[in-house]
Undergrad: 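The structure under discussion is supplied below as C-alpha coordinates; questions concerning it will follow.
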2 protein chains.
Amino acid sequence: MVQLGRHYGAGPASLAEIAAEEDLPRAYLEQLVINLREAGLVTSTRGARGGYELAHAPDSITMAEVLRALEGPVAPMLCASEDPGHVGCDRSARCTVNLLWVRVRDAVTGALDSMTLADLVPPRSTLQPIPLQGAVTSS
Amino acid sequence: MVQLGRHYGAGPASLAEIAAEEDLPRAYLEQLVINLREAGLVTSTRGARGGYELAHAPDSITMAEVLRALEGPVAPMLCASEDPGHVGCDRSARCTVNLLWVRVRDAVTGALDSMTLADLVPPRSTLQPIPLQGAVTSS
DNA sequence: TCAATCCCGACGAATTCACTCGGGATTGAG
DNA sequence: CTCAATCCCGAGTGAATTCGTCGGGATTGA
(Lines give C-alpha, C1' and ligand atoms only; values in the text may rest on other atoms or scores of the structure.)
Protein backbone atom coordinates (compact mmCIF):
# COMPACT_ATOMS: atom_id res chain seq x y z
CA MET A 1 0.00 0.00 0.00
CA VAL A 2 0.83 3.60 -0.35
CA GLN A 3 1.06 3.89 3.38
CA LEU A 4 4.10 1.68 3.31
CA GLY A 5 5.70 3.99 0.80
CA ARG A 6 5.30 6.89 3.18
CA HIS A 7 6.83 4.80 5.87
CA TYR A 8 9.82 3.72 3.79
CA GLY A 9 13.15 3.74 5.59
CA ALA A 10 11.62 3.99 9.04
CA GLY A 11 11.79 0.32 9.92
CA PRO A 12 8.98 -2.20 9.78
CA ALA A 13 5.37 -1.07 10.19
CA SER A 14 2.95 -3.37 11.93
CA LEU A 15 -0.39 -4.15 10.41
CA ALA A 16 -2.06 -2.67 13.45
CA GLU A 17 -0.48 0.71 12.69
CA ILE A 18 -1.41 0.61 9.02
CA ALA A 19 -4.93 -0.51 9.83
CA ALA A 20 -5.35 2.45 12.13
CA GLU A 21 -3.97 4.96 9.65
CA GLU A 22 -5.87 3.61 6.65
CA ASP A 23 -9.01 2.83 8.62
CA LEU A 24 -9.24 -0.67 7.24
CA PRO A 25 -9.70 -3.91 9.15
CA ARG A 26 -6.41 -5.50 10.12
CA ALA A 27 -7.59 -8.99 9.18
CA TYR A 28 -8.28 -7.81 5.68
CA LEU A 29 -4.89 -6.20 5.27
CA GLU A 30 -3.30 -9.48 6.22
CA GLN A 31 -4.79 -11.06 3.15
CA LEU A 32 -3.59 -8.34 0.85
CA VAL A 33 -0.09 -8.25 2.20
CA ILE A 34 0.35 -11.96 1.67
CA ASN A 35 0.25 -11.36 -2.08
CA LEU A 36 2.64 -8.45 -1.84
CA ARG A 37 5.08 -10.59 0.07
CA GLU A 38 4.83 -13.49 -2.36
CA ALA A 39 5.50 -11.05 -5.18
CA GLY A 40 8.63 -9.90 -3.39
CA LEU A 41 7.43 -6.33 -2.99
CA VAL A 42 7.49 -6.27 0.78
CA THR A 43 9.47 -8.12 3.41
CA SER A 44 8.13 -9.20 6.76
CA THR A 45 9.67 -9.41 10.19
CA ARG A 46 7.99 -11.71 12.62
CA GLY A 47 7.72 -11.61 16.36
CA ALA A 48 7.28 -8.68 18.66
CA ARG A 49 8.12 -5.31 17.10
CA GLY A 50 7.92 -6.90 13.68
CA GLY A 51 5.96 -5.74 10.70
CA TYR A 52 6.30 -5.05 7.00
CA GLU A 53 8.70 -3.00 4.93
CA LEU A 54 9.07 -2.25 1.27
CA ALA A 55 11.59 -4.56 -0.33
CA HIS A 56 13.08 -1.67 -2.30
CA ALA A 57 12.79 2.05 -2.87
CA PRO A 58 9.33 3.46 -3.64
CA ASP A 59 10.46 4.97 -6.92
CA SER A 60 11.59 1.58 -8.18
CA ILE A 61 8.22 -0.07 -7.65
CA THR A 62 5.73 0.51 -10.44
CA MET A 63 2.03 0.48 -9.77
CA ALA A 64 1.76 -2.22 -12.40
CA GLU A 65 3.75 -4.51 -10.13
CA VAL A 66 1.60 -3.66 -7.17
CA LEU A 67 -1.64 -4.18 -9.02
CA ARG A 68 -0.51 -7.44 -10.54
CA ALA A 69 0.47 -8.67 -7.10
CA LEU A 70 -2.89 -7.69 -5.63
CA GLU A 71 -5.28 -8.49 -8.44
CA GLY A 72 -3.52 -10.84 -10.81
CA PRO A 73 -2.58 -10.24 -14.43
CA VAL A 74 -4.03 -7.18 -16.14
CA ALA A 75 -6.97 -8.33 -18.22
CA PRO A 76 -9.86 -6.08 -19.21
CA MET A 77 -11.52 -9.20 -20.58
CA LEU A 78 -10.45 -12.78 -20.09
CA CYS A 79 -9.66 -13.10 -23.79
CA ALA A 80 -7.04 -10.34 -23.45
CA SER A 81 -5.12 -11.32 -20.36
CA GLU A 82 -1.44 -10.61 -19.91
CA ASP A 83 -1.01 -14.18 -18.80
CA PRO A 84 0.27 -15.99 -21.90
CA GLY A 85 -1.35 -19.22 -20.74
CA HIS A 86 -4.87 -17.82 -20.68
CA VAL A 87 -7.69 -19.72 -22.24
CA GLY A 88 -8.83 -18.43 -25.60
CA CYS A 89 -12.56 -17.98 -25.80
CA ASP A 90 -14.47 -20.26 -28.12
CA ARG A 91 -15.15 -17.46 -30.59
CA SER A 92 -11.47 -16.57 -30.81
CA ALA A 93 -11.20 -17.13 -34.55
CA ARG A 94 -13.84 -14.72 -35.73
CA CYS A 95 -13.79 -12.41 -32.74
CA THR A 96 -12.23 -9.16 -33.87
CA VAL A 97 -13.17 -7.43 -30.66
CA ASN A 98 -10.19 -9.06 -29.06
CA LEU A 99 -8.03 -6.49 -30.86
CA LEU A 100 -9.84 -3.75 -29.01
CA TRP A 101 -9.27 -5.29 -25.61
CA VAL A 102 -5.63 -5.86 -26.29
CA ARG A 103 -5.26 -2.19 -27.08
CA VAL A 104 -7.11 -1.20 -23.95
CA ARG A 105 -4.95 -3.54 -21.93
CA ASP A 106 -1.78 -2.03 -23.35
CA ALA A 107 -3.05 1.45 -22.60
CA VAL A 108 -3.70 0.43 -19.02
CA THR A 109 -0.36 -1.25 -18.49
CA GLY A 110 1.31 1.76 -20.03
CA ALA A 111 -0.36 4.04 -17.54
CA LEU A 112 0.44 1.74 -14.65
CA ASP A 113 4.05 1.27 -15.69
CA SER A 114 4.52 5.01 -15.87
CA MET A 115 3.72 5.53 -12.22
CA THR A 116 5.67 4.36 -9.22
CA LEU A 117 4.75 4.16 -5.59
CA ALA A 118 6.79 7.31 -5.07
CA ASP A 119 4.37 9.24 -7.30
CA LEU A 120 1.58 8.43 -4.90
CA VAL A 121 3.39 9.24 -1.73
CA PRO A 122 2.11 12.76 -1.22
CA PRO A 123 4.89 15.32 -1.06
CA ARG A 124 4.25 16.68 2.41
CA SER A 125 4.76 20.27 1.42
CA THR A 126 1.88 20.37 -1.05
CA LEU A 127 -0.53 18.26 0.93
CA GLN A 128 -2.85 19.97 3.34
CA PRO A 129 -3.13 18.32 6.77
CA ILE A 130 -6.88 17.95 6.20
CA PRO A 131 -8.26 20.78 8.37
CA LEU A 132 -11.59 19.01 9.04
CA GLN A 133 -13.31 22.19 7.95
CA GLY A 134 -12.20 24.65 10.55
CA ALA A 135 -12.44 22.49 13.62
CA VAL A 136 -9.20 23.17 15.42
CA THR A 137 -7.61 26.13 13.71
CA SER A 138 -5.07 27.89 15.83
CA SER A 139 -5.93 31.39 14.64
CA MET B 1 -22.55 -5.02 -31.82
CA VAL B 2 -19.95 -5.57 -34.45
CA GLN B 3 -22.32 -7.76 -36.35
CA LEU B 4 -24.45 -4.72 -37.04
CA GLY B 5 -21.43 -2.99 -38.50
CA ARG B 6 -20.92 -5.79 -40.96
CA HIS B 7 -24.54 -5.54 -41.87
CA TYR B 8 -24.50 -1.78 -42.35
CA GLY B 9 -26.39 -0.52 -45.36
CA ALA B 10 -28.27 -3.74 -45.96
CA GLY B 11 -31.49 -2.78 -44.23
CA PRO B 12 -32.56 -3.74 -40.74
CA ALA B 13 -31.33 -6.95 -39.14
CA SER B 14 -33.64 -8.85 -36.84
CA LEU B 15 -32.47 -9.99 -33.45
CA ALA B 16 -33.14 -13.56 -34.49
CA GLU B 17 -30.56 -13.24 -37.28
CA ILE B 18 -27.97 -11.66 -35.05
CA ALA B 19 -28.58 -14.19 -32.33
CA ALA B 20 -27.96 -17.00 -34.81
CA GLU B 21 -24.79 -15.46 -36.20
CA GLU B 22 -23.32 -14.49 -32.86
CA ASP B 23 -24.53 -17.59 -31.07
CA LEU B 24 -26.01 -15.61 -28.22
CA PRO B 25 -29.49 -15.87 -26.73
CA ARG B 26 -31.96 -13.55 -28.40
CA ALA B 27 -33.53 -12.48 -25.11
CA TYR B 28 -30.18 -11.29 -23.90
CA LEU B 29 -29.48 -9.28 -27.03
CA GLU B 30 -32.77 -7.51 -26.52
CA GLN B 31 -31.49 -6.08 -23.27
CA LEU B 32 -28.25 -4.90 -24.78
CA VAL B 33 -29.85 -3.30 -27.77
CA ILE B 34 -32.20 -1.26 -25.61
CA ASN B 35 -29.21 0.68 -24.32
CA LEU B 36 -27.79 1.13 -27.78
CA ARG B 37 -31.09 2.50 -28.94
CA GLU B 38 -31.44 4.88 -26.01
CA ALA B 39 -27.95 6.13 -26.75
CA GLY B 40 -28.99 6.84 -30.33
CA LEU B 41 -26.50 4.41 -31.82
CA VAL B 42 -29.03 2.15 -33.49
CA THR B 43 -32.52 2.66 -34.81
CA SER B 44 -35.28 0.10 -34.67
CA THR B 45 -38.09 -0.80 -37.02
CA ARG B 46 -41.01 -2.58 -35.49
CA GLY B 47 -43.42 -5.07 -36.89
CA ALA B 48 -42.84 -7.85 -39.35
CA ARG B 49 -39.59 -7.59 -41.31
CA GLY B 50 -38.35 -5.09 -38.81
CA GLY B 51 -35.08 -5.09 -36.94
CA TYR B 52 -32.15 -2.89 -36.03
CA GLU B 53 -29.80 -0.74 -38.03
CA LEU B 54 -26.85 1.45 -37.19
CA ALA B 55 -27.91 5.05 -36.84
CA HIS B 56 -24.84 6.24 -38.74
CA ALA B 57 -21.75 4.98 -40.54
CA PRO B 58 -19.53 2.49 -38.71
CA ASP B 59 -16.46 4.68 -38.98
CA SER B 60 -18.24 7.51 -37.18
CA ILE B 61 -19.09 5.43 -34.12
CA THR B 62 -16.30 5.13 -31.59
CA MET B 63 -16.02 2.14 -29.35
CA ALA B 64 -16.09 4.51 -26.43
CA GLU B 65 -19.66 5.42 -27.37
CA VAL B 66 -20.63 1.80 -27.69
CA LEU B 67 -19.08 0.82 -24.40
CA ARG B 68 -20.58 3.74 -22.54
CA ALA B 69 -23.97 2.83 -23.93
CA LEU B 70 -23.62 -0.80 -22.89
CA GLU B 71 -21.82 -0.52 -19.57
CA GLY B 72 -22.22 3.00 -18.34
CA PRO B 73 -19.54 5.64 -17.80
CA VAL B 74 -15.93 4.50 -17.92
CA ALA B 75 -14.74 4.09 -14.35
CA PRO B 76 -11.88 1.82 -13.33
CA MET B 77 -12.82 2.62 -9.76
CA LEU B 78 -15.91 4.36 -8.51
CA CYS B 79 -13.82 7.28 -7.29
CA ALA B 80 -12.63 7.91 -10.86
CA SER B 81 -15.81 7.79 -12.89
CA GLU B 82 -16.35 9.87 -16.02
CA ASP B 83 -19.71 10.81 -14.62
CA PRO B 84 -19.19 14.24 -13.04
CA GLY B 85 -21.96 13.55 -10.55
CA HIS B 86 -20.29 10.52 -9.01
CA VAL B 87 -19.98 10.14 -5.28
CA GLY B 88 -16.55 10.89 -3.91
CA CYS B 89 -15.31 8.25 -1.51
CA ASP B 90 -14.98 9.15 2.12
CA ARG B 91 -11.20 9.12 1.97
CA SER B 92 -11.18 11.52 -0.95
CA ALA B 93 -9.09 14.15 0.82
CA ARG B 94 -6.02 12.12 1.62
CA CYS B 95 -6.42 9.50 -1.09
CA THR B 96 -3.69 10.07 -3.62
CA VAL B 97 -4.44 6.83 -5.39
CA ASN B 98 -7.26 8.62 -7.09
CA LEU B 99 -4.68 10.27 -9.33
CA LEU B 100 -3.63 6.86 -10.54
CA TRP B 101 -7.13 5.78 -11.45
CA VAL B 102 -7.81 8.99 -13.29
CA ARG B 103 -4.75 8.35 -15.41
CA VAL B 104 -5.79 4.81 -16.09
CA ARG B 105 -9.25 5.98 -17.02
CA ASP B 106 -7.86 8.52 -19.45
CA ALA B 107 -5.64 5.90 -21.01
CA VAL B 108 -8.65 3.66 -21.48
CA THR B 109 -10.89 6.31 -22.97
CA GLY B 110 -8.04 7.32 -25.25
CA ALA B 111 -7.77 3.81 -26.56
CA LEU B 112 -11.53 3.48 -26.95
CA ASP B 113 -11.87 6.81 -28.67
CA SER B 114 -9.20 5.88 -31.16
CA MET B 115 -11.14 2.91 -32.48
CA THR B 116 -14.37 2.92 -34.39
CA LEU B 117 -16.79 0.16 -35.20
CA ALA B 118 -15.32 0.11 -38.70
CA ASP B 119 -11.97 -0.97 -37.28
CA LEU B 120 -13.59 -4.07 -35.90
CA VAL B 121 -15.53 -5.06 -38.98
CA PRO B 122 -13.12 -7.61 -40.37
CA PRO B 123 -11.87 -6.83 -43.85
CA ARG B 124 -13.15 -9.93 -45.59
CA SER B 125 -10.02 -10.44 -47.67
CA THR B 126 -7.73 -10.98 -44.70
CA LEU B 127 -10.06 -13.09 -42.60
CA GLN B 128 -9.87 -16.85 -43.00
CA PRO B 129 -13.19 -18.70 -43.24
CA ILE B 130 -12.21 -20.81 -40.20
CA PRO B 131 -11.23 -24.16 -41.80
CA LEU B 132 -12.19 -26.31 -38.74
CA GLN B 133 -8.73 -27.88 -38.77
CA GLY B 134 -8.56 -29.86 -41.96
CA ALA B 135 -12.06 -31.24 -42.07
CA VAL B 136 -12.94 -30.56 -45.68
CA THR B 137 -9.68 -29.73 -47.38
CA SER B 138 -9.78 -30.13 -51.11
CA SER B 139 -6.21 -31.41 -51.51
C1' DT C 1 7.83 -17.07 29.78
C1' DC C 2 4.83 -13.79 27.66
C1' DA C 3 2.95 -10.64 24.64
C1' DA C 4 3.27 -8.77 20.05
C1' DT C 5 3.25 -9.83 15.72
C1' DC C 6 3.07 -12.38 11.43
C1' DC C 7 0.90 -16.53 9.08
C1' DC C 8 -2.95 -19.17 7.16
C1' DG C 9 -7.22 -21.36 5.75
C1' DA C 10 -12.03 -21.27 5.85
C1' DC C 11 -16.26 -18.80 5.95
C1' DG C 12 -20.00 -15.25 4.77
C1' DA C 13 -22.57 -11.28 2.93
C1' DA C 14 -23.20 -7.95 -0.82
C1' DT C 15 -22.82 -6.92 -5.43
C1' DT C 16 -22.40 -7.68 -10.28
C1' DC C 17 -22.79 -10.24 -14.58
C1' DA C 18 -24.82 -12.85 -18.01
C1' DC C 19 -28.84 -14.63 -18.98
C1' DT C 20 -34.01 -16.24 -18.70
C1' DC C 21 -39.08 -15.63 -18.60
C1' DG C 22 -43.47 -14.08 -19.74
C1' DG C 23 -46.18 -11.23 -21.74
C1' DG C 24 -47.44 -6.84 -24.27
C1' DA C 25 -47.35 -3.36 -28.41
C1' DT C 26 -46.61 -2.53 -33.59
C1' DT C 27 -46.79 -3.31 -38.10
C1' DG C 28 -46.17 -5.52 -42.82
C1' DA C 29 -48.13 -9.24 -45.57
C1' DG C 30 -51.80 -12.08 -47.19
C1' DC D 1 -59.10 -7.71 -41.23
C1' DT D 2 -56.18 -10.95 -39.34
C1' DC D 3 -52.05 -12.99 -38.21
C1' DA D 4 -47.43 -13.77 -37.61
C1' DA D 5 -43.06 -11.51 -37.08
C1' DT D 6 -40.81 -8.53 -34.63
C1' DC D 7 -39.65 -5.07 -31.22
C1' DC D 8 -40.50 -3.59 -26.22
C1' DC D 9 -40.14 -4.11 -21.22
C1' DG D 10 -39.75 -5.32 -16.33
C1' DA D 11 -38.87 -8.80 -13.08
C1' DG D 12 -36.23 -12.80 -11.70
C1' DT D 13 -32.30 -16.29 -11.29
C1' DG D 14 -27.64 -18.57 -10.70
C1' DA D 15 -22.79 -18.20 -10.59
C1' DA D 16 -18.82 -15.61 -9.74
C1' DT D 17 -16.27 -12.00 -7.66
C1' DT D 18 -15.16 -8.75 -4.07
C1' DC D 19 -14.66 -7.24 0.45
C1' DG D 20 -14.39 -8.48 4.77
C1' DT D 21 -14.65 -11.79 9.17
C1' DC D 22 -13.11 -15.41 12.35
C1' DG D 23 -10.28 -18.41 14.88
C1' DG D 24 -6.31 -20.24 15.76
C1' DG D 25 -1.21 -21.38 15.01
C1' DA D 26 3.97 -20.06 14.49
C1' DT D 27 7.95 -16.77 15.64
C1' DT D 28 10.48 -13.91 18.14
C1' DG D 29 12.08 -9.78 21.08
C1' DA D 30 11.83 -8.34 25.88
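Here is how names work: the chains are called A, B, and so on, in the same order as the sequence lines, proteins then strands, and each is numbered from 1.
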Undergrad: Taking all non-hydrogen atoms of both residues, which atom of P58(B) and which atom of T116(B) are closest, and how far apart?
TA: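 In terms of heavy atoms, the two residues are closest at O-CB, 3.7 Å.
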
Undergrad: What integer distance in Å separates L70(A):CG from dT17(D):P?
TA: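 It works out to 17 Å between those atoms.
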
Undergrad: Check whether any side-chain heavy atom of L120(A) sits under 4.5 Å from a side-chain heavy atom of M115(A), and report yes or no.
TA: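 Contact flag for L120(A)/M115(A) side chains = yes.
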
Undergrad: Kindly point out which of dC6(C), dT20(C), dC9(D) is positioned nearest to the side chain of E30(B)?
TA: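 In terms of side-chain proximity for E30(B), the closest of dC6(C), dT20(C), dC9(D) is dC9(D).
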
Undergrad: In this structure, would I34(A) and L67(A) fall into the same cluster of hydrophobic residues linked by side-chain contacts under 4.5 Å?
TA: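 Per the 4.5 Å side-chain linkage, I34(A) and L67(A) are not co-clustered.
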
Undergrad: Between dG20(D) atom C1' and E22(A) atom CD, what is the distance in whole Å?
TA: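 From E22(A) CD to dG20(D) C1': 16 Å.
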
Undergrad: OH of Y52(A) versus C1' of dT27(D): gap in Å, rounded?
TA: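 Nearest whole value for this atom pair: 12 Å.
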
Undergrad: Side chain of S44(B): nearest nucleotide among dG29(D), dT27(C), dC8(D)?
TA: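 The answer is dC8(D), which lies nearest to the side chain.
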
Undergrad: Can you measure R26(A) atom CZ to dC7(C) atom C1' for me and round it to whole angstrom units?
TA: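 After rounding, the reported distance stands at 10 Å.
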
Undergrad: Check the distance between dC8(C)'s C1' and L29(A)'s CG and give it to me in whole angstrom.
TA: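 To the nearest whole Å, that distance equals 16 Å.
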
Undergrad: Rounded to the nearest 0.5 Å, what separates atom OG in S44(B) from atom CG in L36(B)?
TA: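 With rounding to 0.5 Å, OG (S44(B)) is 11.5 Å from CG (L36(B)).
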
Undergrad: Return the pairing partner of dT27(D) with a 3.5 Å limit on both distances, Watson-Crick or G-U wobble; otherwise return none.
TA: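 The base-pairing partner of dT27(D), which may sit in any strand shown, is dA4(C).
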
Undergrad: How long is the line joining CG of L78(A) and C1' of dA16(D), in whole Å?
TA: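 That distance rounds to 12 Å.
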
Undergrad: List the steps, then state whether side-chain contact (heavy atoms from CB on, under 4.5 Å) holds for R105(B) with M77(B).
TA: CA-CA 9 Å; R105(B) 188 197 67 200; M77(B) 297 297 277; over 6 Å; no

Undergrad: If you find the nucleotide of DNA chain D closest to L15(B) and the one closest to Q31(B), which residue's nucleotide is nearer the 5' end?
TA: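 On the 5' side of the pair lies L15(B).
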
Undergrad: On the nucleotide dC8(D), are OP1 or OP2 found under 4.0 Å from the side-chain N or O atoms that R37(B) carries?
TA: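 Yes, R37(B) has a side-chain N/O under 4.0 Å of OP1/OP2 on dC8(D).
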
Undergrad: Please tell me which of M77(B) and T45(A) maps to the more 5' nucleotide of DNA chain D, matching each residue to the nucleotide holding its nearest heavy atom.
TA: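 The residue whose closest nucleotide sits nearer the 5' end is M77(B).
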
Undergrad: Would you mind telling me which of dG20(D), dA4(C), dC7(C) lies closest to the side-chain atoms of L24(A)?
TA: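 Of the options given, the side chain of L24(A) lies nearest dG20(D).
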
Undergrad: Let's see if you can work this out: which of dT26(C), dT20(C), dT21(D) has an atom nearest to the side-chain heavy atoms of R46(B)?
TA: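 Comparing dT26(C), dT20(C), dT21(D) against the side chain of R46(B), the answer is dT26(C).
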
Undergrad: From C-beta outward on P25(B), which listed nucleotide comes closest to its side chain: dC19(C), dT28(D), dC6(C)?
TA: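 Among the listed nucleotides, the one closest to the side chain of P25(B) is dC19(C).
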
Undergrad: Is there, by distance only and without an angle test, a donor paired with an acceptor across the side chain of E17(A) and the base of dT5(C) below 3.5 Å?
TA: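 Answer is no: no donor-acceptor pair is held.
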
Undergrad: Take the protein atom CD of E71(B) and the nucleotide atom C1' of dT16(C), then report the distance between them rounded to whole Å.
TA: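 For the pair E71(B) CD and dT16(C) C1', the rounded distance is 11 Å.
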
Undergrad: What is the pairing partner of dG12(C), taking Watson-Crick or G-U wobble pairs with both distances under 3.5 Å in any strand?
TA: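 dC19(D) is the nucleotide pairing with dG12(C).
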
Undergrad: Which nucleotide in the set dG20(D), dT28(D), dC21(C) lies at the smallest distance from any side-chain heavy atom of A27(B)?
TA: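 Output: dC21(C).
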
Undergrad: If you compare every side-chain N and O of R49(B) against the phosphate oxygens of dC7(D) (OP1, OP2), does one of them come in below 4.0 Å?
TA: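 Checking dC7(D) against R49(B), no side-chain N or O comes under 4.0 Å of OP1 or OP2.
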
Undergrad: Can you identify which nucleotide, out of dT28(D), dC8(C), dT21(D), has its nearest atom closest to the Y28(A) side chain?
TA: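 Of the options given, the side chain of Y28(A) lies nearest dT21(D).
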
Undergrad: Might you work through the side-chain contact (heavy atoms from CB on, under 4.5 Å) test for R103(B) and D106(B), ending with a clear yes or no?
TA: CA-CA 5 Å; R103(B) 283 218 207 168; D106(B) 290 344; 5.8 Å; no

Undergrad: Given atom CG of L32(A) and atom P of dG9(C), what is their separation to the nearest angstrom?
TA: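 Taking atom P of dG9(C) as the reference, CG of L32(A) is at 16 Å.
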
